[in-house]
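What follows is a set of notes on a single structure, which appears directly below.
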Amino acid sequence: MSQRLVTSSDDSRIELCPAEISPQRLPAHVAVIMDGNGRWAQSRGLPRVMGHRAGVEALKATLRRCSNWGVKALTAYAFSTENWSRPGDEVNFLMTLFERVLERELQALEAERVRIRFLGDLEPLPARLQSLIQEATKRTASNDGIHFNVCTNYGGRHELVLAARRLAERAASGELDPSEIDEQTLAGELFTAGEIDPDLLIRTSGEHRISNFLLWQLAYAEIHVTDVLWPDFDREALVRAFLDYQSRTRRFGGLVV
Ligand code: IPE
Ligand code: IPE
Ligand code: MG
């Protein structure tokens with residue numbers, strides 16, 4: 001599996017796949033529920049939003065590690081359809097944070113050949129964020145590096161509703177015969193169309209739930225739950241998740257011979 005070196009002062013940019021991880025059995029697609037930012041901040045006597053800021057650093061380091069170690073796709077849950085129910089100040093902080101990070105990081109993402117996409121219903125996002133998303137998607141679309149999917153205003157149920165609606169429209173217009181709808185047709189209408197399903201789901205902050213994340217796509221993902229709060233998710237935590245993954249026997253409903 002290819003390993004690329006990118007140079008920078010940040011040491012997460014230059015490490016190769018750790019010796020204890022088998023490069024032949026890396027998860028090709030890693031999904032992560034980045035939870036625990038608020039608790040991380042509160043435990044330090046800081047406002048919750050400082051946890052979101054720290055969470056961005058953990059995400060940047062995780063992306064670079066995954067890219068350098070040979071992972072093909074990283075899908076991160078940044079904002080759920082349910083997160084709008086939080087206080088307005090926190091939601092506004094998050095939207096502004098997404099904008100700032102995109103502006104600041106786009107050049108580095110391009111240089112590192114990352115292909116970024118935003119999965120979710122993007123229309124309700126602030127106009128400025130939408131245009132930054134459009135620009136970042138366009139500018140990195142032909143990059144041949146890691147696929148970096150940021151789930152923003154994403155909800156697994158909403159995604160399935162939109163897919164059902166789209167299939168119904170196609171059927172009503174005569175373009176699609178309902179009896180021909182199969183798993184592939186449905187998967188092709190999801191935000192993740194064209195991406196392989198995640199092999200590994202990392203769930204931080206100790207909660208044993210998937211919180212409306214990738215309900216369809218996680219059907220056979222291996223699940224790693226860690227008590228680590230997202231801003232503390234470092235190299236060691238990622239190594240532990242990969243070792244846990246590599247200790248599993250995947251059966252996909254069949255038998256292991
Ligand atoms: C995850 O951290 C980030 C988002 C959901 C946007 P939280 O903000 O949910 O942190 P906790 O769960 O309250 O600690
Ligand atoms: C999951 O975190 C959503 C994101 C990480 C964006 P939440 O904090 O929203 O999840 P619950 O409420 O603990 O299930
Ligand atoms: Mg939370």
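Whatever order the structure lists them in is the order used to number ligands and atoms, beginning at 1. Side chains included, hydrogens not; waters and symmetry mates left out as well; all remaining heavy atoms used.
- Between Phe79 and ligand 1, no pair of N/O atoms sits closer than 3.5 Å.
- Closest non-hydrogen pair, Arg39 versus Ser205, comes out as NH2-OG, 3.1 Å.
- Within the listing of ligand 2, atoms 10 (O), 11 (P), 14 (O) sit less than 4.0 angstrom from a heavy atom of Ser211.
- Relative ring orientation between Tyr77 and Tyr154 is described as perpendicular, the plane-to-plane angle rising above 60° on a 0-90° scale split at 30° and 60°.
- By the 4.0 Å heavy-atom criterion, Ser205 is excluded from the residues contacting ligand 1.
- Annotation for Arg104: atom CZ counts as buried by contact number, over 12 foreign heavy atoms lying within 6.0 Å.
- For the pair Glu207 and Arg203, the salt-bridge criterion is not met [side-chain N within less than 4.0 Å of a carboxylate O].
- Gly38 N, 2.9 Å is the protein heavy atom nearest to atom 10 (O) of ligand 1.
- Under the 4.0 Å criterion applied to side-chain N and carboxylate O atoms, Arg240 and Asp244 are not assigned as salt-bridge partners.
- Counting heavy atoms closer than 4.0 Å to ligand 1, residue Arg86 contributes side-chain atoms (C-beta onward) but none from N, CA, C or O.
- Closest to atom 6 (C) of ligand 1, if we only count protein heavy atoms, is Ala78 O, 3.4 Å.
- At least one N/O-N/O distance between Asn37 and ligand 1 falls below 3.5 Å.
- Rounding to the nearest 0.5 Å places CG of Asn149 at 10.0 Å from CD of Gln217.
- Residue-to-ligand polar distances keep Tyr77 apart from ligand 2: every N/O pair is separated by 3.5 Å or more.
- The heavy-atom pair separating Glu195 from His147 by the smallest distance is OE2-ND1, 3.0 Å.
- Aromatic ring orientation, Phe98 versus Phe79: perpendicular (interplanar angle above 60°, classes split at 30° and 60°).
- Heavy atoms of Arg48 found under 4.0 angstrom from ligand 1 belong exclusively to the side chain.
- Using a 4.0 Å cut-off between heavy atoms, Asn83 contacts ligand 1 through its side chain alone, with no backbone atom that close.
- For the Mg ion (ligand 3), the set of protein N/O/S atoms nearer than 2.8 Å consists of Asp35 OD1, ordered by chain and number.
- Checking only distances, Arg209 does come within under 3.5 Å of ligand 2, N or O to N or O.
- Each of the following atoms of ligand 1 lies closer than 4.0 Å to a heavy atom of Arg39: 11 (P), 12 (O), 14 (O).
- Of the charged side-chain nitrogens involved, none lies within less than 4.0 Å of a carboxylate oxygen, so that Lys138 and Glu135 do not count as a salt-bridged pair.
- Of the N and O atoms on the side chains of Asp199 and His29, not one donor lies less than 3.5 Å from an acceptor on the other residue.
- Under a 4.0 Å criterion applied to the non-hydrogen atoms of Met34, ligand 2 contributes the atoms 5 (C).
- No donor-acceptor contact under 3.5 angstrom links the side chains of Asp197 and Trp216, judged on distance only.
- Salt bridge Glu169/Arg165: absent, no basic N to carboxylate O contact under 4.0 Å.
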